[in-house]
Amino acid sequence: MWRSRYISPFSEMETFLKIGSMYQIVPVAPGEQQMAGGPGGSPLKKKLSHEGRPLVMASMLGCVLVLAAVVAWCYYSVSLRKTQLFKIALLDLNKDGFIIHNQAGAVVFTMAFRSGTLDVDSCSKEGDILSCTQSDSGKLNFFIQTVRPKDTVICYRVRWEELQNKHLVEHVMAYNDSHWYGGAETATQYWPIRFQGEEEPQPFIASDVYSNRNAFGGILERYWLSSNATAIKINDSVPFHLGWSEKNRTLRFQARYQDSPFRPLERQQTFPELSYRVCVGSDVTSIHKYMVRRYFTKPIKVPSADLFKKPVWSTWAIYKTAVTQEKLLRYAADITRHGFNCSHLELDDRYTADYGEFDFDPQKFPNASGMFDKLREGGFQVTLWTHPFINYDSINFGAAVEKELFVREPGGELPALVRWWNGIGGILDFTNPDAREWYSSNLHMLKSRYGVTSFKFDAGETSYLPRQFSTLGPLSNPSTFTRRYTEMAIPFMEHAELRVGYQSQNISCFFRIIDRDSVWGYELGLKSIIPTVLTIGILGYQFVLPDMIGGNAYPNHTAGGLNGLPDRELYIRWLELSAFMPAMQFSIPPWAYDNEVVKIAQKFTGLHETLVAPKVLELAHVVLDTGDPIIRPLWWIANDDEAAYKIDSQFLIGDDLMVAPVLEPGKQERDIYLPAGRWKSYKGEHYDKGPMYLTDYPVDLDEIAFFTRVL
C-alpha cells in the first residue's frame with residue numbers, strides 16, 4: 001500500500017499570516033528613498049536595513065512554507081488518487097500482489113506476484129476494471145475485473161500476460177490460516193489438503209499415481225476451495241504448473257511453456273499467461289455451490305440403478321491376468337451359491353491373446369459365446385476391460401500404423417511408442433476422428449457379438465503420452481487427451497467405468513478411484529478412501545466407485561493376511577465403509593475367508609441396498625441439476641464449526657445421514673464428532689446437545705457407526 005503524510009495547506013497559510021502580523025511595515029516617501037540611496041548612506045538607510053532583515057527572512061520562510069504546503073497537497077492528492085485506484089471492491093492491489101477482504105473486513109485471500117512486480121505508474125482504473133501495462137521487466141497485459149454475480153458472491157477476474165520474451169509467470173497464494181480442498185486425486189490423500197515439503201511447480205496434468213506416487217492423479221480440476229469461503233479456478237487456457245512450500249504455507253501457481261508438455265496454439269505467441277478467477281462468498285458451502293453451477297458441467301443422466309443397489313464383482317484382484325472361462329463361470333456360480341446379488345460381472349485383464357485386440361483368446365476362452373449364454377441364464381450381465389494401447393506384437397498394430405491411428409512422433413510420420421504396465425506399444429490418438437471411430441466400432445462389435453453390457457475403461461492418463469509427440473488435433477493442454485478418452489465411454493455409460501477425468505463431469509458413468517493397496521494407511525490404503533471420495537466430489541464427480549473391497553492384494557503392498565489375502569480385519573472394515581459409498585465392488589470374495597465374513601458381507605450388502613442406495617439414488621437425480629456432492633464433508637452442514645473442517649474419517653450422505661467407520665487395526669471403538677443438531681444413532685440413542693465428541697464409542701467388528709439427523 002502507498003502511504004503519505006498529510007499536511008494541510010490551510011494550516012500552513014495560517015502560520016504564514018501569524019508571522020507576518022509580528023512586524024510593522026513603514027512606508028518610505030520617494031524623496032527619502034532617493035536620499036537613502038545617496039553616497040555614503042544615511043542613518044535611515046542603516047536603520048531600515050537593520051530592521052528589514054527579519055521581514056525578509058519571514059517573507060522567505062513564508063514562501064517556503066506555502067510552497068511546501070502546495071507540494072504536500074499535490075503529493076497527498078496523487079497519493080489519495082493511487083490509494084483509490086488500487087482499491088477495487090474488497091480487493092487491495094499493490095506492486096507485489098493483492099489481498100481480498102470479506103464483508104467483515106478480515107483478510108481471506110492473499111496472492112503475491114513472484115515472477116515480477118507492477119509498474120504502478122502504468123496502471124489505470126476504468127469502472128470495475130483495474131489495468132496495468134508495464135512490469136519491472138517490460139510490457140504486459142494485466143487486469144483485475146470485479147464481477148458481482150450475486151448479492152452474496154463477489155468475484156475477481158485476474159490476468160497477467162507477458163508481452164515480451166519472458167519464460168514464466170508465477171503467483172503465490174498463501175493459506176491464510178484456512179483449510180483448503182480440491183485440486184486432484186493423489187496417492188497420499190488428506191482432507192483437508194496437506195502439502196508436504198518444498199515442491200517446484202510441476203505440470204498439472206492427469207497422471208497414474210499408482211506408478212508415480214508423487215504425481216497428480218487421474219482425476220483433477222484446476223479448482224480449490226477454502227474454509228474461509230474463498231475459491232479459485234485457474235483458466236483452461238493457462239499452461240498451468242503447480243508447486244508448494246510447506247515452510248511458507250503457500251501454493252505456487254505458474255504458467256510456462258519452457259520445459260513443459262504444454263504448447264501454445266498454432267500461430268500464437270509463446271509468451272505465458274496466468275489467468276484465474278477468485279470468488280468470495282458468505283460461507284464455504286454456498287460459495288462452492290456457486291462455483292460448481294458456474295464452472296462445472298453436470299451429468300446428463302444417472303447411471304443404471306443396479307450399479308447403485310447391487311455390487312460389482314470383478315475378476316482382477318482374485319485372478320489377475322490368469323482369468324479363464326472356467327474360472328469366470330465358477331466365480332459367477334459362487335456368487336449365486338452364497339446368496340449375493342450382482343449388478344454386473346467385470347471381466348478384467350486378460351481375456352485377449354495380445355493387448356490391443358478385441359476378441360477372446362481361444363486358449364483361455366474356448367467357447368466365449370457359450371460362456372456368455374450361461375452367464376445370461378444365471379442372471380449376470382458382463383462388462384469387459386478395455387484400454388487405449390495396442391502393443392507392437394498385436395495383430396492390430398500394423399493396421400493402426402497403416403491407418404495412422406496412433407499418437408505420432410513429433411515429425412508426424414511414425415507412431416510414438418510408449419511403455420505401459422503391460423508392455424510397449426502405440427497409444428490411440430483420440431483427437432483423430434478415424435481413431436475414435438475404429439476404437440468405438442470394435443467395442444460395439446464385442447457388444448453385439450457377445451451381448452456385452454458395457455466396458456471398464458482403464459488408463460487414459462496423459463502421463464502415458466510420449467514426452468515428445470504429435471496428434472492430429474492440437475493438444476495445447478495434454479489433459480485434453482484425457483477428456484477425449486472419457487468421451488469414448490458415452491455410448492456405454494449406464495454401466496461404464498472410468499478412472500480418469502478432466503472436465504468430464506458430464507460423462508454420466510461411474511468414476512473409479514485409482515487402485516488401492518491392501519493396507520490401512522493414507523497412501524492408497526483404507527484411510528485414503530474418504531479423503532479421496534470427498535476430494536473427487538468437490539471436483540464435481542459424484543458417481544464414485546471406491547475400488548475393490550480389501551484392495552488389490554498386490555504382492556509387497558498387502559498388510560497381514562494368509563495365502564496372499566488382505567488382512568481379515570482390514571477386509572471387514574473396508575467392506576463396511578464401502579456399503580455406505582455410492583457403489584460397492586468386490587473382487588476377493590467374502591468366502592475366501594470364512595462363514596463369519598460371508599455373513600457380515602451379506603448383512604452389509606443388504607444394508608447398502610435397503611438403506612444407502614435409495615438415498616444415494618435420490619441424491620443422484622439432484623446432481624443432474626446442482627452438481628452437489630452425494631458424499632459430503634461434515635462442514636457442509638456446519639460451516640461455522642472449526643472442528644468440522646478437519647475431520648477426515650467421517651462423512652455425510654446428503655445432509656442427514658452421517659457415517660463414522662472404524663479405520664484403525666485392532667479397534668472396536670472410536671471417537672465420533674457430532675455437529676450441532678439432534679442426532680439418532682443406529683443403536684437408537686439420541687443426542688440433542690451437539691456439537692459434541694463421543695469418546696471411545698463402541699463399534700463391534702461387524703458394525704459401522706452411523707447417525708441420522710433428526711429435524
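All values reported here derive from a predicted model rather than from experimental measurement. Position 1 is the first residue of the sequence; numbering continues from there.
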- Task: Determine, for Lys233 against Glu221, whether the closest basic-nitrogen to carboxylate-oxygen distance falls under 4.0 angstrom.
- Result: no

Go through the side-chain N and O atoms of [X] and [Y] and say whether any donor and acceptor fall under 3.5 Å apart.
| X | Y | result |
| --- | --- | --- |
| Glu162 | Trp160 | yes |
| Thr431 | Asp429 | yes |
| Asp349 | Trp316 | no |
| Ser260 | His241 | yes |
| Ser394 | Asp354 | no |

With [X] via side chain to side chain donor-acceptor pair (under 3.5 Å) - residues at least two apart:
| X | value |
| --- | --- |
| Ser528 | Arg516 |
| Asp515 | Arg512, Tyr554 |
| Trp191 | none |

- For Phe586, all residues meeting ring pair (Phe, Tyr, Trp, His ring centres under 6.0 Å), sequence neighbours excluded: Trp313

- Task: Apply ring pair (Phe, Tyr, Trp, His ring centres under 6.0 Å) to Tyr295 and list each qualifying residue two or more places apart in sequence or on a separate chain.
- Result: none

- Return yes if some donor-acceptor pair links the side-chain N/O of Thr230 with the main-chain N/O of Ser226 below 3.5 Å, else return no. no

- Message: For the aromatic rings, using the six-membered ring if either is Trp, is the centroid distance between Phe113 and His171 under 6.0 Å?
- Response: yes

- Decide if the gap between the ring center of His167 and the ring center of Tyr257 is smaller than 6.0 angstrom. no

- Query: With under 30° as parallel and over 60° as perpendicular, where do the rings of Phe296 and Tyr223 fit, or are they tilted in between?
  - Reply: perpendicular

- Task: For the pair Phe389 and Tyr464, name the ring-plane relationship: parallel under 30°, tilted 30 to 60°, perpendicular over 60°.
- Result: perpendicular

- Looking only at heavy atoms, which two atoms of Leu545 and Phe510 are closest? And how far apart? N-CD2, 3.9 Å

- Task: Mind checking side-chain contact (heavy atoms from CB on, under 4.5 Å) for Arg157 and listing every partner two or more places apart, or none if nothing turns up?
- Result: Phe143, Gln145, Val147, Arg277

